[in-house]
Amino acid sequence: MTVESRFSASVQLDYQQPDRHGKPGRLLGQCEFSQPNNLEYVNSEYGKNAVRLLYIRREGKIHCIKELEISLHIRLNSVNEYVNSDNSCVIPTDTIKNTIQALAKCRGIRTIEEFGLELSEHFLTQYCHVIYCNVFIQEVPWQRLEKDGVPHAHAFLYSSEGVRFCEVERNLNCPPNVFSGIKDLKIMKTTQSGFADFFKDKYTTLPDRRDRVLSVESLIKWCYGDCTGCLDYDCLWRTAHEAALDAFAGPPDSGHFSPSYQRTVNRIQTYILERIPQVDEVEVIMSNIHYCVADLDKLGLSNDKEILTPQDTPFGACATTLRRKKGPGGECPQPMECNPRHGVPWKGDHMMK
């Protein structure tokens, strides 16, 4: 028996008549099929990845830019294209790419979160057989060039403050979940960090360290609660970015001590949750970049932790999520997935460098 003969499919599509403007009617029924009872699709998400665009808004001589990389995935109300070789419901990924460009042109881009919401709204309302949409956007960190404190009208400088990203996830007839975040955030402090009094056994060779360099590369992602209102995503992102830097560094004149990079992660999460009441949950993925004191004895030189060499691999890493507890007698809404989708190779590994 061939694979095709095992699936006795009957495609049942029911359309309304075109309206008076000639617009095609909406799809009423689902594409139905039969398959062995012991098999089912858990997910059938597909889309276009790494759609890159530069949006320029011209306001006279003043220009504003946003350079983005967008991955947009949808899920249909059938899997006929997989099971029955029926492509009649499949929206080409090239159409997805064209739609992204067209909406950027027609509606403009204010913030990546708002653009993500507009994209998900479009695909869920324009195509009645689309039941899920996920939009992941990351923004190239361009900053306006300044000369003696005067902003340039149309020149920009690549910044290294980390990459801003967002994710909008929405099911049909459900409110959207909006995530914002910072990735590739590299920060360092040369003191006020240690790691001691940890668990030791016969395989432990690491000595206690009371004063060390702490250098990390972080991804920080937070989930907004009720996104039905109008949020100032730019302001909230800047607040979260500042909170993360304050949590890592401490006061400018003295800093604060970090007994582990896990404790630093906790500070980042609590600072963001304390400063932004609209945030329900904060996820941090942090890699610890080790620096080893160089051995200069063979050169006849002393080294009071002045010359160090970075150790790329292996490196320590941790991932943790901190969220607000449920209130008495109330439920804290559970997001569908507060996972770093950017980390999935087919979704976010194409960031322009």
Side-chain angles (χ1 to χ4, degrees), residues 53-55 57 64-71 104 107-120 134-144 146 151 156-170 175-187 216-249 264-265 267-286 321-324 335 337-343 347-348 351-352:
L53 63 87
L54 173 64
Y55 169 71
R57 186 177 77 251
C64 301
I65 66 169
K66 285 192 177 295
E67 185 176 352
L68 309 179
E69 183 178 288
I70 304 163
S71 295
R107 301 187 183 182
I109 302 173
R110 294 173 296 277
T111 67
I112 57 175
E113 290 85 358
E114 289 171 291
F115 190 50
L117 285 166
E118 290 177 347
L119 287 170
S120 65
N134 180 282
V135 186
F136 181 84
I137 306 176
Q138 46 193 14
E139 181 176 350
V140 177
W142 292 110
Q143 288 187 348
R144 190 175 298 278
E146 293 188 0
F156 302 86
L157 178 69
Y158 188 91
S159 168
S160 59
E161 65 175 6
V163 174
R164 176 175 174 176
F165 71 90
C166 79
E167 184 172 10
V168 176
E169 189 172 37
R170 186 170 184 179
N177 288 294
V178 179
F179 312 88
S180 295
I182 312 160
K183 58 176 288 191
D184 302 335
L185 178 63
K186 297 182 180 181
I187 41 183
V216 299
E217 181 173 346
S218 302
L219 176 139
I220 306 166
K221 179 179 180 181
W222 54 92
C223 307
Y224 293 106
D226 183 4
C227 298
T228 57
C230 183
L231 299 180
D232 187 341
Y233 291 107
D234 282 342
C235 179
L236 294 173
W237 189 89
R238 288 192 296 268
T239 300
H241 187 274
E242 182 180 354
L245 298 184
D246 290 347
F248 179 85
T264 297
V265 166
R267 276 203 182 106
I268 291 172
Q269 293 168 316
T270 54
Y271 275 37
I272 292 175
L273 288 167
E274 287 171 357
R275 297 185 187 185
I276 309 178
Q278 296 92 338
V279 169
D280 279 349
E281 181 171 312
V282 180
E283 178 184 18
V284 176
I285 301 174
M286 182 175 285
T321 302
L322 186 67
R323 66 173 300 141
R324 302 185 192 278
E337 289 183 20
C338 190
N339 295 322
R341 290 291 187 91
H342 66 279
K347 197 134 197 197
M351 182 59 195
M352 41 289 202

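Between Arg164 and Glu113, at least one side-chain nitrogen of the basic residue sits less than 4.0 Å from a carboxylate oxygen of the acidic one, meeting the salt-bridge criterion. A salt bridge links Arg110 to Glu118: one of the charged nitrogens lies within less than 4.0 Å of a carboxylate oxygen.
Heavy atoms only, all atoms of each residue included: Cys166 and Ile112 are closest at SG-O, 3.4 Å. The two residues Glu146 and Pro151 have their closest heavy-atom pair at CG-CA, 3.9 Å. Across all non-hydrogen atoms, the minimal contact from Pro277 to Arg324 is CA-NH2, 3.5 Å. Taking each heavy atom of Leu53 and Ala104 in turn, the nearest pair found is CD2-CB, 4.3 Å. Here the closest non-hydrogen pair linking Val282 and Gln269 is O-NE2, 3.2 Å. Nearest heavy-atom pair across Phe136 and Phe165 is CE1-CD1, 3.5 Å.
No donor-acceptor pair closer than 3.5 Å links the side chain of Arg323 to the backbone N or O of Cys223. With His241 contributing its side chain and Gly162 its backbone, the two residues share no donor-acceptor pair below 3.5 Å. Arg107 places no side-chain N or O within donor-acceptor distance of the main-chain N or O of Phe115, the cut-off being under 3.5 Å.
Considering OG of Ser160 and CD of Gln143, their distance stands at 8.5 Å, rounded to 0.5 Å. Distance check: Asp184 CG to Leu219 CG gives 8.0 Å after rounding to the nearest 0.5 Å. Interatomic distance, CD1 of Ile137 versus CD1 of Ile70, reported as 5.0 Å (0.5 Å rounding). To the nearest 0.5 angstrom, Met286 atom CE is 8.0 Å from Leu185 atom CG. Residue Asp232 holds its CG atom at 8.5 Å from CD of Glu114, rounded to the nearest 0.5 Å. Rounded to the nearest 0.5 Å, atoms CG (Asn134) and CZ (Arg170) are 13.0 Å apart.
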Checking side chain to side chain contact (heavy atoms under 4.5 Å, CB included) for the pair Trp237/Thr111: CA distance, chi angles, key distance, verdict? CA-CA 10 Å; Trp237 189 89; Thr111 67; over 6 Å; no

Show the numbers, then the answer: is there a side chain to side chain contact (heavy atoms under 4.5 Å, CB included) between Ile65 and Glu67? CA-CA 7 Å; Ile65 66 169; Glu67 185 176 352; 5.9 Å; no

Evaluate the side chain to side chain contact (heavy atoms under 4.5 Å, CB included) criterion for residues Leu231 and Val178: first the C-alpha distance (whole Å), next the side-chain angles of each, then the deciding distance (0.1 Å), finally the verdict. CA-CA 11 Å; Leu231 299 180; Val178 179; over 6 Å; no

Apply the test side chain to side chain contact (heavy atoms under 4.5 Å, CB included) to residues Arg275 and Asp246: give CA-CA distance (whole Å), side-chain angles for both, the deciding distance (0.1 Å), then the verdict. CA-CA 12 Å; Arg275 297 185 187 185; Asp246 290 347; 3.0 Å; yes

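The side-chain heavy atoms of Leu119 and Val168, taken from C-beta on, include no pair separated by under 4.5 Å. Side-chain contact between Glu139 and Ile109: absent, with no pair of heavy atoms (C-beta onward) separated by less than 4.5 Å. Between Tyr224 and Val279 there is a side-chain heavy-atom pair separated by less than 4.5 Å. Side-chain contact between Thr264 and Val216 is absent, with no heavy-atom pair separated by less than 4.5 Å.
Aromatic rings of Phe179 and Trp222 (six-membered ring for Trp) have centroids beyond the 6.0 Å cut-off, not under it.
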